[in-house]
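Here the structure comes first, spelled out in structure tokens, and everything after it is commentary.
So you know, we letter chains A, B, ... as the sequences are listed, proteins then strands, and number each from 1. Just so it is clear, the model here is predicted, and its values are computed rather than measured.
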Amino acid sequence: MLTSFLNAGKWLWHLYVKRRFPLFAVSTIVSFFALALFGENLSPFPPNQVDLGARFSPPFWQEGGSIAHFLGTDGLGRDILSRIMIGARNSCIVAIFSLFLGGFLGTVIGIVSGYFGGIVDGILMRMGDATIAFPIILLAILLSIILGPSLLNVVAALGLVLWARYARVIRGEVLSLKERDFVALARVAGASDLRIMVKHILPNIYNTLLVLLTLQVGWVIIVEAALSFMGAGLPGPDPVWGSMVAKGRQYVTSAWWVPFMPGMAIAIVCLSFNMLGDWLREVLDPRMRQVE
Amino acid sequence: MKRFIVVRIVQMFVTLILLSVLIFSLIRISGDPAALLLDESATEKDYQLLRVELGLDEPIIAQYFKFISRAAVGDFGLSTNDRVPVLISIGGALPNTARLALTSLVLALSMAVPLGVISAVKKGSVYDHFARVIAGLGQSVPTFWVGLVLIQIFAVNFRILPSSGMETSAHYILPSATLALFMMSGFARLLRSSMLEVLDSEFIKLARIKGVSESSVVWKHALRNSLMSVLSFGGMYIAILMTGTILVETVFAWPGLGRLAYEGIINQDFPLIQGVVLIGGVIVMLSSLLTDILYAYLDPRIRFSG
Amino acid sequence: MTQPLLKVTDLKTQFRTKWGLVKAVDGVSFHVKHGETFGIVGESGSGKSVTSLSIMRLIPQPAGRIVSGAIELDGLNLLELSEKEMRDYRGGKIGMILQDPLSSLNPLFTIGSQIIEGLRIHTSLKGRSLKERAIDLLRRVHIPSPAMRMKDWPHLLSGGMRQRVVGAISISCEPELLIADEPTTALDATIQLQYLNLLKRIQKETRLSIIFVTHDLGAVAYLCHRAAVMYAGRIVETATVKDLFDKPAHPYTIGLLNSMQKVEKKADHIESIKGQPPNLKNLPIGCSFAPRCDQVKDICKEKYPEETELGADHLVRCWVVKKEAVKIK
Amino acid sequence: MKPILDVQKVKKYFPVERGAIFRKVAGQIKAVDNISFSIVPGETLALVGESGCGKSTVGRLILNLLPVTGGTIFFSGIPLEEMDRSQRKIYRSAVQAVFQDPMSSLSPRMRIREIIAEGLVINQSLSRNEIDSKIQQVLDQVGLPQDAIKHYPHEFSGGQRQRIAIARALIVDPKLIILDEAVSALDVSIQAQIVNLLRDLQREFHLSYLFIAHSLGTVRYISDRIGVMYLGSLVEIGPAEEIFTNLHHPYTRALIDAAMPSHPDFVREDVVLAGEVPSALNVPEGCRFNTRCPFAKDVCRQVEPEMFEIGPGHFTACHMLDGAPEAGFFLN
């Protein structure tokens, strides 16, 4: 018991010191998820509570600011900190859904395409290349103007681009894995294609998947924010980081904190995910270059 | 090489057809396209007339070919907002977008090359950490927000640079710097990792064995090979550049395609959006085709094969 | 006795890795005479390649480091040269051939430009004479229609041809010492033989000295005059090739010779060395071969053996060395 | 004795496609071209030749990893393509393989237990206990410690990994094992260990081996018969010692002469076969060796020589029938 405890401690110490474990990034990510789950319970104000008396209250360190409105208020006197805290949920939902959609599709298509090759592979990969080389923002704008801005459209647009990114990287991995002798030996032993894909190939791409997923969280959050900024993102009264920046734009000369704070939140969360992703890549597989 | 280029051109057409089918079917799925074009005050008769005008009474395949043949000659109709032909608006905006994109691309590359190269050569050093933080920031910070911050600092606080429009060359500074920062970080990261890989290769060892100086090893032998792999990601980067340009144009009120798209969204101007998306798509695909041809030409392994 | 061309004394090269310090080369001494081919034989991880890279001072930095020792070429210690001075030696007085012909040429430069690059650094040749010299070099390594090949890209040549081009580069500036690090491992039998014969011929014509690094005792027998056997970062035995095959003294050398599968004669049984190759990260305190040695004594587990001289040019590091020759079955 | 494996006129061509949109077959890579041989129970047949001669492809055809282009492979008298489900199941256990690179042949994400048991799990319905006791048994047979099953492949050295690969093959009671360069990647001292292990296992279980290799030393030590391949085709096949002492084909001579000597006394100066192997896309007319053969006559450039018997069980395909080339035949 004690030894296992000591071992765990040693392992953590090793992680932190020798492998430069990104403590800052991980704590940010943990808080991000906590906010997404319990935002309402933690925020000092309800996000949509209008207080016209406290309009454009600056952050606490500036003259006229108050500790109560820690990061200031917007043009309707809504508390920016609270809105950011609640807004985490939307970012999180978009990230989880689109990564799940894109990641799942991409992994399946990548494995199938790489494993079977031939015409199926040709068609799938040409489609993938086309989606990667197409500016996603145009697609999302189109979707939002035709179908109206909604969570589903944002997730669909992001997932549509993400699958191709996953499929491309994973197919590359599968192509080299399937030439390895253990796949040939599994076939000699009579393993079915499904068994080979699930038992022999899939476990060998877990690392790549993990790194890709982590690195893409940041990307998804940024693109979601960009879509909201353009007015093609999530609608509704609930706070969304991207549209908070967009709506705060007009105050950039008078109340800089209104657009600045939510942008800062996006930046910190994305940076954390990217740092964690980079670290994972370094630790798990330093050769994963195509994962960008 | 011929084969490579033919494949890419075919691929581009396939993509365009896919895109047009997507747009076409989205319009149909979403309901009556006439509803997208007419406002609420339109009468039933207006709808009837428009349906005939749009050919909505014809079979779906015929409608698609009509749509395609119109799009092929650039006929996207009139903007619902200001009644200007969409092609005219796009034609006016396009050169502005190109100017901004090119300025930023040059700026981004001129920052990314030294950053990525030195960072790889001095892997693990203080410089490397610094460069990676810069590159990491560039990828994590939303472009549009950086634009706002730059406006706040240089246009509002110091009043030394204009914040919107494109009248003088000073107007280029903030938008292209914003876009360049974003592009630069991607290039620098990719360049760093491909440099690390190349520097580890046998032919670099052989160059050192020949007595080639370290600067020549890095800037001649290794850089050329690494740039090649950066170039192979050309298509992806051009798509990213386009995305970035649209955002930056919106922030700085730059009269380009992005600005046009933004106005389109605000005004729910369907013909305009449709035109911007299709033209934007074609431009992105043409430029990534050009990068790929350039890549194929520069890499002898592709140039001298099949 | 004349001074040897190359004298390596107590060379130690270490690497810092994730798992700790690895002593890849740990106190290696040998010399190479003018005009001789000196073999360095060893299995993977024995430190033979690190030794050859140390001579070129091309140990990957900053993980690797030459900790101590001296590498004297014509009496001049290479380890005391500045990096700039050392560059004149690389490709100048010392040439080197790497193992993998498929990846040792830069795919983006023509064959010709890669040969000319070295010539331009180390010789005063210019313009046309540069090109002529390069064509001449290709001819010397038996590349057909050399003038046409100059404009070719590496990927258009076969592995054997590419290795010849690397050979041409290595001798382009008339080096005194040529280091060949497993130059034929990736080549087929008949192509390997062509290549080894080419090396032999070049050596006869130019009287250069060759360090031939290999895992193949057969290639040592074919090509070398003297050879050193390496095990776990140290040289365990140095002898003329004849002595090495006729009178091997170190149990490891004997084991290697016994486990050779001979092409000349069908063997009924081949003796193998028991156990696994050593793990450099944690070597035993005494002789590193002790865990696999069948003649191991107590002292072997306590102290690394000192060098014993068995005869002219025959050195061995073993506590149980027999003065009598050991006849190989 | 009835052969366990009979390869009859087997061909494997890989089409080379050209054209951007409409692929058309521009040529054939004749990786294996009309090869026939057989293996009897308990025997080792070695296939030797330079890289690209098709020896590994033959192994993969027998393992059913690639479909044949022509010809038939018989196992215990049954053609491979005519096997029904149950026969195929038997075949999958009866024929096993060990490949060159022990790192590549063990999935890095599987524990040794799972790797060794795979063949059993797929083809036989055994209880966990039965599987465990079988694993224990094979681990003993290949000389691995029992606790190996809990570990992952990267925790073992090259030689141990090759033992794991052998255990994996052995557990399903095979009749024939394809050893594709099974010892080439190992260190010299480990090579001998593995070769000896393979010999011991062969004696104990009466196994047949198809030993695919380029190292003639190992081949001479382990094989009963040898087939020499050049550019997709067998040029000579016969009893091992015949091949080394009474060989007939000039290419066999060249290959043996090119082997490194085991002692400096055996060095023959400058014995060399000129040129390189031509591309399998353009197999020369007539005898495929004629472009490198110093004895090539007109007939060699026009007519492809047929295999014929020059001694008991010793076949060769060469027009030059006047006798075997001496050692040092290619001396220049």
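- Residue C:N279: no heavy atom, backbone or side chain, is found under 4.5 Å from chain D.
- Contact annotation for C:H142: neither backbone nor side-chain heavy atoms come within less than 4.5 Å of a heavy atom of chain D.
- Looking at C:H215 and D:D187, their side chains never come closer than 4.5 Å, going by heavy atoms from C-beta outward.
- Taking D:G275, D:G52, D:S262, D:S157 one by one and counting their heavy-atom pairs under 4.5 Å with chain C, the maximum is reached by D:S262.
- At a 4.5 Å heavy-atom cutoff, the contact between D:E241 and chain C is made by side-chain atoms alone.
- Inspection of the D:S215 and C:Q261 side chains reveals no N or O donor paired with an N or O acceptor under 3.5 Å.
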Before giving the answer on side-chain contact (heavy atoms from CB on, under 4.5 Å), spell out for D:Q191 and C:S272 the whole-Å C-alpha distance, their side-chain angles and the decisive distance to 0.1 Å.
-> CA-CA 8 Å; D:Q191 258 185 27; C:S272 59; over 6 Å; no
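- Considering only heavy atoms from C-beta on, C:D188 stays 4.5 Å or farther from D:E276 through its side chain.
- Of the listed residues C:R292, C:K265, C:M161, C:K274, the one with more heavy-atom pairs under 4.5 angstrom with chain D than any other is C:K265.
- Looking only at heavy-atom pairs under 4.5 Å with chain D, the residue among C:G255, C:G160, C:S158 that has the most is C:S158.
- Interface remark: of the candidates D:V277, D:T218, D:T245, D:T218 forms the most heavy-atom pairs closer than 4.5 Å to chain C.
- Contacts between D:S223 and chain C at a heavy-atom distance below 4.5 Å involve the backbone alone (N, CA, C, O).
- Heavy atoms of D:H263 lying under 4.5 Å from chain C belong to its backbone as well as its side chain.
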C:V263 and D:F244: side-chain contact (heavy atoms from CB on, under 4.5 Å), yes or no, with the steps?
-> CA-CA 9 Å; C:V263 72; D:F244 278 97; 3.6 Å; yes
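- Here D:P264 is the residue among D:P264, D:A192, D:G49, D:S51 with the most heavy-atom pairs under 4.5 Å with chain C.
- Note on D:G143, D:G158, D:G159, D:G217: by heavy-atom pairs under 4.5 Å with chain C, the leading option is D:G217.
- Side-chain contact of D:E50 with C:T190: a donor-acceptor pair under 3.5 Å is present, judged by distance alone.
- Within the 3.5 Å criterion, the main-chain N or O of C:E264 finds a donor-acceptor partner in the side chain of D:R220.
- Checked options C:S259, C:P277, C:S44; the residue passing with D:I190 is C:P277 (criterion: side chain to side chain contact (heavy atoms under 4.5 Å, CB included)).
- For C:L196, the part sitting under 4.5 Å from any heavy atom of chain D is the side chain, from C-beta outward, and nothing else.
- Rounded to the nearest 0.5 angstrom, C:L193 CG and D:L255 CG are separated by 11.0 Å.
- Looking at D:V195, the atoms closer than 4.5 Å to chain C (heavy atoms on both sides) all sit in the side chain, from C-beta outward.
- Of the atoms belonging to D:Y221, heavy atoms from both backbone and side chain fall under 4.5 Å from chain C.
- The closest donor-acceptor contact from the side chain of D:N196 to the backbone of C:E271 lies at 3.5 Å or more, if one exists at all.
- Here the closest heavy-atom approach between residue C:G275 and residue D:Q193 is recorded as O-NE2, 2.9 Å.
- Residues C:D216 and D:M260 come closest through the heavy atom pair OD2-CG, 3.6 Å.
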